[in-house]
Structures are given as C-alpha cells and as structure tokens.
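These notes are about the structure you will find just below.
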Amino acid sequence: RLLAESPDSSVVVVSVGFSTNLGRLLESRGDRYSPLDGIELVKRKVKFCSVMGGSFGDKPRAEYNIVNDIPNAKRLFALCPVPVAVVSLELGKTVNYPGASVETDFAWAGKHPMVEGYKAYRKMPYDRPTWDMMSVLYVLRPEMFGVSEPGIICVDDQGYTYFTPTPRGKHTVLTLTPGQQDAVLRFFVRELSSKPAKYR
C-alpha cells in the first residue's frame with residue numbers, strides 16, 4: 001500500500017536485516033492496493049535499495065543477514081529491478097562506533113535507548129561495527145562513500161555472496177578509503193550524540 005501510494009521513483013528501501021519481506025514482495029502478485037506485481041511495483045516506485053549484507057573480502061563468510069534467509073536473499077539480488085548498493089560485512093568493521101562515546105556523550109538523555117541497548121548486549125565499554133548505520137548514511141550522504149564498478153551479486157546455497165563485475169549489472173559494493181572511514185566515524189559520533197532541539 002505504501003509503495004502504491006508513493007510517487008514514481010521516490011522511494012529508497014533500506015534493508016538492514018534478513019531479505020524475507022523484500023523477497024516476498026518481489027514474488028507477490030497484484031492485489032487491492034495495486035494491480036502491479038511486486039517486481040513491476042518496485043520498478044515503478046523505488047529509486048534504489050541500500051542493503052547491509054554479504055561478504056566479499058579475502059576470507060569471505062556466509063554473512064548473518066544472508067545465511068539466515070538464503071532463499072529470499074537469492075530472490076532479492078536475482079529479481080530486484082532497481083539498483084542495489086551493498087554494505088558488506090568487511091566494510092562495516094572498518095568504522096567502529098566508540099564505546100567511550102556511548103558511555104559519555106548521551107548523558108543529556110537520562111536513559112537513552114541506544115545506550116541501554118549497548119549495556120544489555122555486552123559489558124561496557126566496547127566498540128561496535130556500524131554495518132546498518134552505513135546503509136542508512138549512504139542514502140543521506142552518498143558522497144561520503146566510494147562505489148565499486150557495477151556488477152551482479154549472486155548467493156549460493158550456503159549463503160556465500162559473489163560479486164561479478166559487468167557493465168549491465170545493477171549491483172554495487174560500497175567502499176571507504178582510510179580518510180573516508182575517519183570522516184564517517186566523526187559524522188556518526190557528532191550527529192548521533194548531538195542533543196535534539198527539545199533538550200537544549
């Protein structure tokens with residue numbers, strides 16, 4: 001319904017978990033909200049997708065978001081008719097949000113939900129990779145990232161991902177130079193810990 005009501009090419013989809021909902025959307029038929037099937041609806045309404053998932057390093061792994069729903073991860077990359085930009089397992093590990101910031105920079109909030117989540121997950125302080133945050137940041141500030149040449153990402157039956165460069169591909173893997181990594185970290189710490197206007 002939300003897609004059908006949106007202007008054409010106006011939606012950016014951010015996926016930071018399993019591909020279940022997107023895979024099911026792409027395989028769906030027309031319904032009371034739109035006569036278009038899922039592929040045609042996405043093609044008409046979605047500008048691109050920013051996805052956290054996959055591993056493309058020297059020692060690739062069956063990455064968590066992929067391996068926990070392999071069939072729908074396969075569908076996402078095989079069927080999605082719009083560009084897909086990917087934050088890999090390796091990229092997320094290049095920028096670690098500092099535990100020191102979590103402990104000190106959110107005191108203005110009393111009990112900040114992110115801080116409480118960090119505390120519940122593991123004994124503080126610890127730094128944490130920013131996989132999902134990067135997928136959102138790319139939508140807001142794409143100029144902060146590098147982008148691979150276009151290609152095609154495939155998922156095998158064990159959840160491993162493979163990127164094959166090709167000019168006709170709709171998939172790209174995001175990159176960061178060391179300087180860009182520093183800039184992204186500074187941006188995260190500054191923006192995430194800043195006090196909202198109502199608290200000033």
Side-chain angles (χ1 to χ4, degrees), residues 9-17 19 22 46-61 63-66 76-77 80 82-109 112-119 121-153 161-163 165 167 169-200:
S9 301
S10 68
V11 175
V12 175
V13 174
V14 179
S15 175
V16 293
S19 305
L22 291 176
V46 176
K47 186 177 180 181
F48 71 92
C49 297
S50 181
V51 174
M52 192 282 120
S55 173
F56 306 95
D58 294 334
K59 296 180 180 179
R61 293 169 50 184
E63 190 272 324
Y64 185 80
N65 286 345
I66 302 295
L76 170 61
F77 290 111
C80 188
V82 299
V84 178
V86 172
V87 171
S88 68
L89 172 72
E90 294 79 15
L91 188 67
K93 289 182 175 182
T94 65
V95 177
N96 292 287
Y97 196 90
S101 172
V102 175
E103 285 194 307
T104 61
D105 293 343
F106 298 84
W108 51 264
H112 192 285
M114 187 189 81
V115 174
E116 297 307 308
Y118 267 70
K119 289 178 179 177
Y121 181 66
R122 187 182 298 173
K123 184 178 179 180
M124 292 292 293
Y126 62 93
D127 300 346
R128 186 71 179 157
T130 56
W131 302 288
D132 297 351
M133 292 157 58
M134 285 189 191
S135 294
V136 176
L137 180 61
Y138 179 67
V139 175
L140 303 173
R141 298 287 296 274
E143 72 279 3
M144 297 185 76
F145 293 82
V147 181
S148 73
E149 59 188 313
I152 296 174
I153 293 174
T161 46
Y162 302 90
F163 177 81
K170 293 183 181 296
H171 306 150
T172 52
V173 179
L174 302 184
T175 63
L176 290 171
T177 66
Q180 289 173 318
Q181 293 167 17
D182 292 341
V184 167
L185 179 58
R186 290 194 303 270
F187 181 91
F188 281 152
V189 172
R190 182 181 70 248
E191 298 299 324
L192 292 176
S193 67
S194 62
K195 186 184 296 186
K198 76 172 187 175
Y199 287 94
R200 295 175 186 161

Ile152 side chain near Lys170 side chain, heavy-atom distance below 4.5 Å: no

Sequence neighbours excluded, the answer for ring-ring contact (aromatic ring centres under 6.0 Å, His included) partners of Tyr118 is Tyr126

Can you see which heavy atom on Phe48 is nearest to which on Val82, and at what distance? CA-CG2, 4.1 Å

Sequence neighbours left out, what pairs pass salt bridge (charged side-chain N to carboxylate O under 4.0 Å, His left out) with at least one residue falling in residues 126-143? Arg141-Glu143

Contacts under 3.5 angstrom, residues 51-61 side chains, donor-acceptor by atom type, not counting sequence neighbours:
unit_1: Ser55; atom_1: OG; unit_2: Arg61; atom_2: N; d: 3.0
unit_1: Ser55; atom_1: OG; unit_2: Glu90; atom_2: OE2; d: 2.4

Once the angle between the rings of Phe106 and Tyr97 is folded into 0 to 90°, is it parallel (under 30°), tilted (30 to 60°) or perpendicular (over 60°)? tilted

Phe187: ring-ring contact (aromatic ring centres under 6.0 Å, His included) partners, not counting sequence neighbours: none

Closest approach of Ser15 to Leu22 (non-hydrogen atoms, all atoms of both residues): CB-CD1, 3.7 Å

Check for a donor-acceptor pair, side chain of His171 on one end and backbone N or O of Val86 on the other, with a separation under 3.5 Å. no

Closest non-hydrogen atoms of Ser101 and Ser193, given as atom of the first, atom of the second and distance, are OG-CB, 4.5 Å

When rounded to the nearest 0.5 angstrom, what is the spacing between CG in Asp105 and CZ in Arg190? 12.5 Å

If I compare all heavy atoms of Pro150 with all of Gly169, which pair ends up nearest, and what's the gap? CB-O, 3.5 Å

Just so I know, are the side chains of Met133 and Leu192 near enough to count as touching, which here means a heavy-atom distance under 4.5 Å? yes

All side-chain hydrogen bond (donor to acceptor under 3.5 Å, both in side chains) counterparts of Thr177, not counting sequence neighbours: Gln180

Phe145 and Thr175, any side-chain heavy atoms less than 4.5 Å apart: no

So which heavy atom on Val95 is nearest to which on Thr130, and how close? O-OG1, 2.9 Å

Between Val12 and Val46, is there a side-chain heavy-atom distance shorter than 4.5 Å? no

Would you compute the distance between atom OG1 of Thr172 and atom CD1 of Ile153 and round it to the nearest 0.5 angstrom? 7.5 Å

Are any side-chain N or O atoms of Ser50 and backbone N or O atoms of Val136, one a donor and one an acceptor, separated by less than 3.5 Å? no

Aromatic rings Trp108 and His112: how do their planes relate, parallel, tilted or perpendicular, breaks at 30° and 60°? perpendicular

Separation of Met144 CE from Leu176 CG (nearest 0.5 Å): 8.5 Å

Side chain of Ser88, backbone of Leu91: donor and acceptor closer than 3.5 Å? yes

Within a strict 4.5 Å, meaning less than it, do heavy atoms of the Met114 and Val102 side chains meet? yes

Of all heavy-atom pairs linking Gly92 and Val87, the shortest is N-CG1, 4.4 Å

Do Val147 and Tyr138 make a side-chain contact, defined as non-hydrogen atoms from C-beta onward lying under 4.5 Å apart? yes

Roughly how far, to the nearest 0.5 Å, is OG1 of Thr94 from CD of Gln181? 4.0 Å

Is any side-chain heavy atom of Leu137 less than 4.5 Å from a side-chain heavy atom of Phe188? yes

With sequence neighbours excluded, tell me which residues meet side chain to side chain contact (heavy atoms under 4.5 Å, CB included) with Pro129. Lys93, Asn96, Trp131

